Amino acid sequence: MIEAASRLLERAVSPVVSRVLLDRHVRAGVAVKFGTAVSAMIGDGGRVAAIELNEGVRLGADLVVVGIGGIANDELAIAAGLDCTNGIVVDEHGRTACPGIYAAGDCANHYSRFAEGWIRLESVQHAQDQGRAVGLAIAESHEPYDSVPRFWSDQHDLKLQIVGHSARSDRSVIRGAIEAGRFSAFNYRQGKLVAVDSINNPTDQMVTRRLIAAGISPTPEQAADSSCDLKSLLKAGNKAVA
């Protein structure tokens, strides 16, 4: 695996989760090279035969899987005169600046209170949730899109689940046992819980999705204490709102 970044999933998860994933890949026999880019693919008889790295090294290959992210397919929107900045700019109902034209999913750039800024998400769950908001708006039954970002990835026997948006987080604490292969990394920004990365721990994902949606932050000490009932914070928060 050739990775241009300094660690696995650098933009998406905390360093400790990156290390756990790397260890699992290495134990499975995967060689990982960081801080390196592919400069060329070498063909032979119409098939890929090797890749050449930016440092001049050539590696033989029978198959190359290229994962370089995505660029919004917004050419039609640009031609129609819509506002496009890293995708098609939409409001909380998926409406563009042109009446009657909507956008949702990977191509749509929207403001997210969870990212505290404008963002274009590439996620199946996001496309489904934002698509629902657009459908309601078209049907004149408006309900703003306000779903907590969610992602997942199955790697060997590890199920990675992410809720929230951890960009610019400044502190992470671990809940659970890393050595047992079942834990969560709680990511904070200026004392506020902004995202949780979980390995084989769907229970934490369910409760923290509700916490983040409600704007309720357990303290780092509470998050690190597995005996602390995070659901009780939801109940207390609901009572405070009532």
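Starting from 1, each residue takes its place in the sequence as its number. Not measured: the values here are computed from a predicted model.
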Those residues that, when tested against [X], pass side chain to side chain donor-acceptor pair (under 3.5 Å) (two or more places apart):
X	value
Thr36	none
Arg150	none
Asn73	none
His142	none

Considering residues, nucleotides and ligands other than [X], do more than 12 of their heavy atoms fall under 6.0 Å from its [atom1]?
X	atom1	value
Asp62	CG	no
Arg47	CZ	no
Asp44	CG	no
Arg132	CZ	no

Side-chain heavy atoms under 4.5 angstrom apart, residues restricted to Ile, Leu, Val, Met, Phe, Trp, Tyr: same cluster for [X] and [Y]?
X	Y	value
Val16	Leu158	yes
Val207	Phe114	yes
Leu8	Val26	yes
Leu160	Leu22	yes

Quick check against the 3.5 Å criterion: does [X] have a side-chain atom that pairs as donor or acceptor with the backbone of [Y]?
X	Y	value
Glu10	Ala5	no
Ser166	Ser169	no
Glu52	Arg58	no
Ser217	Leu193	yes
Arg175	Asp225	yes

Scan the side chains in residues 81-91 for donor-acceptor partners under 3.5 Å anywhere in the protein, sequence neighbours excluded, and list what turns up.
| residue | atom | partner | partner atom | Å |
| --- | --- | --- | --- | --- |
| Asn86 | OD1 | Arg120 | NE | 3.2 |
| Asp91 | OD1 | His93 | N | 2.8 |
| Asp91 | OD1 | Gly94 | N | 3.1 |
| Asp91 | OD1 | Arg95 | N | 2.9 |
| Asp91 | OD2 | Arg95 | NE | 2.7 |
| Asp91 | OD2 | Arg95 | NH2 | 2.9 |

Can you check whether [X] reaches [Y] side chain to side chain, under 4.5 Å on heavy atoms?
X	Y	value
Ile199	Leu21	yes
Asp197	Leu9	no
Gln155	Val20	no

Return each pair, listed once, that meets ring pair (Phe, Tyr, Trp, His ring centres under 6.0 Å) where at least one residue sits in [range]; pairs must be two or more places apart or across chains.
range	answer
residues 200-235	none
residues 167-193	none
residues 13-57	His25-His156

Roughly how far apart are [X] [atom1] and [Y] [atom2], rounded to 0.5 Å?
X	Y	atom1	atom2	value
Asn187	Ser184	CG	OG	10.0 Å
Thr96	Asn109	OG1	CG	13.0 Å
Met206	Ser198	CE	OG	12.0 Å
Leu234	Asp229	CG	CG	9.0 Å
Ser14	Arg7	OG	CZ	7.0 Å
Arg168	Gln190	CZ	CD	8.5 Å

* What is the minimum heavy-atom distance between Gly164 and Ala195, and which atoms define it? -> C-CB, 3.8 Å
Could you list the cluster mates of [X]? Members are the ILVMFWY residues connected by side-chain heavy atoms closer than 4.5 Å, either directly or through other members.
X	value
Val48	Ile2, Val38, Met41, Ile51, Leu53, Val57, Leu59, Val64, Val66, Ile68
Val124	Trp152
Ile71	none

* Mind checking what makes ring-ring contact (aromatic ring centres under 6.0 Å, His included) contact with His126, not counting sequence neighbours? ->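 Only His110, Tyr145 meet the ring-ring contact (aromatic ring centres under 6.0 Å, His included) criterion with His126.
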* Pairing of Lys159 and Asp154 as salt bridge, 4.0 angstrom limit ->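 Yes, Lys159 and Asp154 are salt-bridged.
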* Asked: Is it true that Asp23 and Arg19 make a salt bridge, defined as a side-chain N closer than 4.0 Å to a carboxylate O?
  -> no
